[in-house]
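Counting starts at 1 for both ligands and their atoms, in listed order.
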Amino acid sequence: MIPSYPLFINGEFKESAHKDKILNPSTGEVLAEASVADRKDINLALVSARAAFDQGPWREAGLAERKEILLKIAAGILENAEELAKLETLNTGKPIKETTFMDVPSAAKAFEHFANNLNNYLDEEIISVSGDVEARLVHEPRGVAALIVPWNYPFLIACWKLAQALAAGNSVILKPSSLTPLTVLELGRIIQKTGLPKGVVNIINGDGESVGEALCSDRWVDMISFTGSNEVGRKIIGYAAKHVKKMIMELGGKSAGIVLKDADLELAVNGSLCSIFLNQGQMCTAMSRILVEDDIYDDFLKEFLAKVKRIKLGKGLDHEAQMGPLICEAQRKKVMASVHKAKQEGAKLLCGGKIPEAPELKGGFFFEPAVFEEVNPDMGIFKEEVFGPVVCIGKFSSLEEAVKLANNSDFALAGAIWTKDDKLARELSAKINAGIIWVNTYGMFFSEVPYGGFKQSGFGKELGREGLMEYTRLKSVIIDKTKDAKPLINYWYGF
Ligand code: NAD
């Protein structure tokens with residue numbers, strides 16, 4: 001019998017009438033089945049979250065109580081880390097090393113960070129305005145938050161959002177991608193044991209068009225925190241407009257890594273490989289354009305290509321695997337179509353870009369990492385997000401040219417700079433249009449550092465103080481403490 005994952009609504013597990021088959025992308029075989037929320041389940045989640053917020057004890061709980069529960073969730077994740085990493089790998093195909101050392105521990109860290117910084121972030125601020133007038137700035141929860149999560153980092157992104165939403169005192173309805181709901185549904189088991197009041201966290205699974213739309217358009221939802229594609233992001237902005245909801249939009253990217261001639265070549269090559277090929281390139285912050293100063297272009301490309309050709313494709317649970325399969329057949333077809341279009345437009349494919357022939361990979365949605373050169377800014381491959389292991393390598397001869405190429409995008413999510421010159425790195429980072437820039441490294445996310453893009457990569461931040469603030473609303477309370485003062489306004493109409 002394949003395992004079955006129920007919904008988690010109002011503190012209880014609920015098997016629904018309809019269930020989706022969940023595939024293992026490494027084999028194409030059915031891994032589990034997951035309950036899919038119908039209209040009744042969605043309504044129940046909405047009623048539960050609303051009641052838990054309006055009448056429930058969570059938003060009124062002191063910060064010490066909130067801290068205790070958040071730490072219990074973190075501890076629950078760590079206690080179950082091995083199983084969660086395995087399940088995430090089975091459901092997403094990403095190598096077990098990534099889920100074990102990155103996704104799962106980072107998820108626990110987010111809960112720990114917000115638990116340990118609640119006072120620091122949420123204590124009210126008092127401003128002395130004039131004379132004895134004082135303004136208190138109070139961070140209140142926003143209400144019911146719909147948290148909509150993509151399939152590329154299902155557990156980690158869900159935990160980032162959940163840790164912040166709960167730290168701020170909100171009730172939530174969490175919706176994972178219907179391709180990858182398993183670890184997020186499993187989180188319900190950890191949450192149930194912490195003593196969090198019923199209805200504060202509800203986890204419902206289902207496709208975007210039905211479940212996602214129903215949630216995002218409902219008047220009982222006060223805010224939407226969305227991470228996903230621009231296409232869906234635009235739709236959600238439309239749904240949210242009707243009731244004027246607060247939104248965080250973490251959307252797509254087409255980021256550029258810039259390798260300067262003084263860079264440590266080995267570091268730049270190794271870091272650039274991670275910057276595009278981790279998680280099979282299915283990263284919003286993927287450096288899908290790598291721009292190399294012309295003096296070192298040939299050396300960089302030679303090293304880079306040699307290492308790309310050595311990347312070991314394998315099933316997620318294979319400890320030797322450096323790259324797993326893409327998430328599903330539809331995604332593989334999309335990536336293949338981008339590669340095909342790039343070739344037709346005249347880009348030169350240097351390696352990969354096809355389905356591997358190894359018999360042990362048959363059945364899975366594997367795809368050989370592709371490297372293009374001779375790409376120009378008018379080509380689709382330069383402008384459009386592929387969301388797969390496909391990179392364009394280009395050269396530049398001046399810093400102005402590098403900045404112009406890097407910024408020639410509708411997106412503005414992330415950037416990477418490889419150089420030994422700190423001053424130059426600082427100058428360049430000021431000129432790159434992106435919400436996060438890594439210098440001599442890639443992909444380091446810290447719970448204390450806000451993260452979020454500009455332009456069509458979205459708006460709002462996740463993580464850090466600014467991330468948490470997105471999940472709160474700021475109330476100003478102005479108090480006149482003067483005993484005998486007679487501010488003019490109090491006597492305007494009556495003496
Ligand atoms: P997607 O937009 O297809 O789906 C994201 C989520 O939205 C899923 O849970 C899906 O079920 C839901 N959804 C789909 N249609 C909906 C609708 N009409 N109403 C409400 N919800 C709906 O994205 P994906 O394919 O899961 O993820 C890949 C995309 O996510 C890429 O574009 C990537 O760049 C982006 N992403 C961005 C970030 C970031 O932080 N900026 C991080 C990860 C992924």
*Take Ser225 and Glu470 through the test side-chain hydrogen bond (donor to acceptor under 3.5 Å, both in side chains) and record every step on the way to the result.*
CA-CA 9 Å; Ser225 173; Glu470 301 276 358; over 6 Å; no
Just jot down the ligand 1 atoms closer than 4.0 angstrom to any heavy atom of [X], in number order.
X: Tyr451; result: 39 (C), 40 (O), 41 (N)
X: Phe226; result: 2 (O), 5 (C), 6 (C), 7 (O)
X: Glu213; result: 19 (N), 20 (C)

For this session: Under 4.0 Å, heavy atoms only, figure out whether ligand 1 is touched by the backbone of Ile157, its side chain, both or neither.
Result: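 Side chain only.
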Tyr153 contact mode with ligand 1 (heavy-atom cut-off under 4.0 Å) =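 Contact part for Tyr153 vs ligand 1: neither.
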Regarding [X] and [Y], is there a side-chain donor-to-acceptor distance under 3.5 Å anywhere?
X: Thr99; Y: Thr89; result: yes
X: Glu384; Y: Ser338; result: no
X: Lys307; Y: Asn270; result: yes

Suppose we measure from [atom] to each protein heavy atom; which comes out shortest, and what is that distance?
atom: atom 41 (N) of ligand 1; value: Leu251 O, 2.6 Å
atom: atom 12 (C) of ligand 1; value: Ile148 CG2, 3.7 Å
atom: atom 33 (C) of ligand 1; value: Phe387 CE1, 3.2 Å
atom: atom 21 (N) of ligand 1; value: Gly212 CA, 3.6 Å
atom: atom 27 (O) of ligand 1; value: Pro150 CB, 3.3 Å
atom: atom 26 (O) of ligand 1; value: Trp151 CD1, 3.0 Å
atom: atom 1 (P) of ligand 1; value: Ser229 OG, 3.6 Å

Between [X] and [Y], how do the two ring planes meet: parallel, tilted or perpendicular, split at 30° and 60°?
X: Phe114; Y: Tyr121; result: tilted
X: Phe8; Y: Phe13; result: tilted
X: Phe445; Y: Trp160; result: tilted

For [X], is at least one N or O under 3.5 Å away from an N or O on ligand 1?
X: Tyr239; value: yes
X: Lys175; value: yes
X: Ser178; value: no
X: Asn152; value: no
X: Glu385; value: yes

Non-hydrogen atom of Pro176 closer than 4.0 Å to ligand 1 |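 It does, in that a heavy atom of Pro176 comes within the 4.0 Å cut-off of ligand 1.
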Counting only heavy atoms from other residues, nucleotides and ligands, does the tally under 6.0 Å from NZ of Lys404 exceed 12?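 Incorrect, the count does not exceed 12.
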Within 6.0 Å of NZ in Lys362, more than 12 heavy atoms from elsewhere =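 Result for NZ/Lys362: enclosed.
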Is [X] salt-bridged to [Y], going by a charged N under 4.0 Å from an acidic O?
X: Lys312; Y: Asp318; result: yes
X: Glu462; Y: Lys161; result: yes
X: Lys109; Y: Glu112; result: no
X: Arg50; Y: Asp222; result: yes

Selected option - heavy-atom contact closest to [atom], from [options]:
atom: atom 6 (C) of ligand 1; options: Val149, Leu147, Leu413; result: Val149
atom: atom 30 (O) of ligand 1; options: Gly252, Pro181, Gly452, Gly228; result: Gly228
atom: atom 17 (C) of ligand 1; options: Cys284, Ala158, Gly208, Ala146; result: Gly208
atom: atom 5 (C) of ligand 1; options: Leu179, Thr227, Val232; result: Thr227

